[in-house]
Amino acid sequence: MKKYQSNLFVILIAAFLLQTCSLVPLTGRRQLSLVSDADMLSMSFGQYDQFLKENRLSGNAAQTNVVKHVGRNIQNAVATYFARNNMSQELNGFAWEFNLIDDKAVNAWCMPGGKVVVYSGILPVTQNDTGMAVVLGHEIAHAVAKHSNERMSQALVSQLGGQVLAQALKQKPQKTQQIWMALFGVGVQLGAVLPYNRLQEGEADRLGLIFMAMAGYNPNAAISFWLRMSQKGGAQPPEFLSTHPSDKKRMAKIVAAMPEAMKYYRK
Ligand SMILES: [Zn+2]
């Protein structure tokens, strides 16, 4: 009887997970989804505005302009890519925004719906427009591949017993917000950061290279960017490396993805 019960339990859990998995058109992969797109966008826009209120925008007009200018170019490339693949409706509800904040942390992220923040601390690693395109292409790829929906869902399972997002926000707003911040390496202890997994990194690398190439930036620059970033590692890796863990295997995959990306590159 016990065995029967435990089998039944496994079947119920499997059925639950299957039901809550949704197919993401961009990746062609089923992802665990305890969050609706509408709930993710609503939380994202609220958290983004809150973040901008609590942090200081950069006063450097030239550097801010690089972030906004390169950001718009990547945004346009993404729109073109989605249109070519008949997926434009996937970008519905996006409200793109690009901001540079004055903060020495080495970090950058794109919250769902196209809400981008770059920290001034990453500028010595990006070095120029093409380096910025590597970062923005990669971060925006995570956002359009809905990786945060997947990571939020996994965290809701592991930390809040599988509550759906809307319910978690009502019942445990503070905890839910903490999980959200941990997804982007924002204001949390580095140990609490929730990194993207290998599969998500691979998807963001490949798509990010394509988006930057379509926007007119040479994707080969990604290799030297990640080498410079990895040199920032060590005992206390920056936020950006904690959320986007890198290793030799990943670098090899980036190199392998280059010929495909170069097909999209127009100088
Ligand atoms: Zn990443």
Side-chain angles (χ1 to χ4, degrees), residues 24 26-29 31-32 40 44 47-48 67 70-71 74-75 77-78 81 98 105-119 121-123 125-126 130-155 179-186 188 190-213 215 217 219-233 237-258 260-261:
V24 176
L26 182 64
T27 59
R29 182 162 68 78
Q31 296 174 354
L32 176 63
M40 279 303 274
S44 178
Q47 292 294 314
Y48 189 77
V67 171
V70 176
I74 302 281
Q75 174 193 338
V78 168
Y81 185 89
F98 304 92
V106 180
N107 201 12
W109 38 255
C110 177
M111 285 182 180
K115 298 294 195 184
V116 173
V117 159
V118 175
Y119 295 57
I122 205 171
L123 297 179
V125 194
T126 55
T130 309
M132 183 58 65
V134 175
V135 167
L136 294 182
H138 183 91
E139 292 310 306
I140 287 169
H142 276 307
V144 296
K146 299 192 182 178
H147 289 162
S148 293
N149 303 40
E150 188 175 25
R151 294 194 305 148
M152 191 72 202
S153 299
Q154 284 159 349
I179 294 174
W180 183 274
M181 300 313 245
L183 296 182
F184 301 98
V186 177
V188 286
L190 279 182
V193 166
L194 297 167
Y196 289 95
N197 66 34
R198 195 180 286 268
L199 186 62
Q200 293 162 338
E201 277 309 279
E203 286 175 353
D205 282 334
R206 174 180 168 263
L207 290 164
L209 294 178
I210 291 174
F211 296 154
M212 75 179 285
Y217 303 100
N220 277 295
I223 297 167
S224 48
F225 166 81
W226 284 106
L227 283 174
R228 289 196 298 278
M229 183 55 80
S230 66
Q231 282 159 6
K232 293 252 163 199
E239 286 80 354
F240 196 76
L241 268 187
S242 303
T243 43
H244 310 275
S246 192
D247 57 22
K248 276 191 185 147
K249 262 191 190 160
R250 178 168 167 221
M251 290 299 287
K253 272 191 167 174
I254 293 178
V255 173
M258 207 55 73
E260 183 196 15

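Whatever order the structure lists ligands and atoms in, that order sets their numbers, starting from 1. Here, residue 1 is the first one in the sequence, and each next residue gets the next number.
Taking CG from D205 and CE from M251, the interatomic distance works out to 9.0 Å, rounded to the nearest 0.5 Å.
For the Zn ion (ligand 1), protein N/O/S neighbours under 2.8 Å (waters excluded) are H138 NE2, H142 NE2, E201 OE1, E201 OE2, H244 ND1.
Atom CZ of R198 sits in a sparse spot, with 12 or fewer heavy atoms from other residues, nucleotides or ligands closer than 6.0 Å.
No donor-acceptor pair closer than 3.5 Å links the side chain of N149 to the backbone N or O of M40. Using a distance-only test at 3.5 Å, with no hydrogens or angles considered, a donor-acceptor pair links the side chain of R151 to the main chain of L183.
Using modelled atom types and a 3.5 Å distance limit, the side chains of Y119 and W109 yield a donor-acceptor pair.
Ring centroid separation for the pair Y48 and W180 does not come in under the 6.0 Å cut-off.
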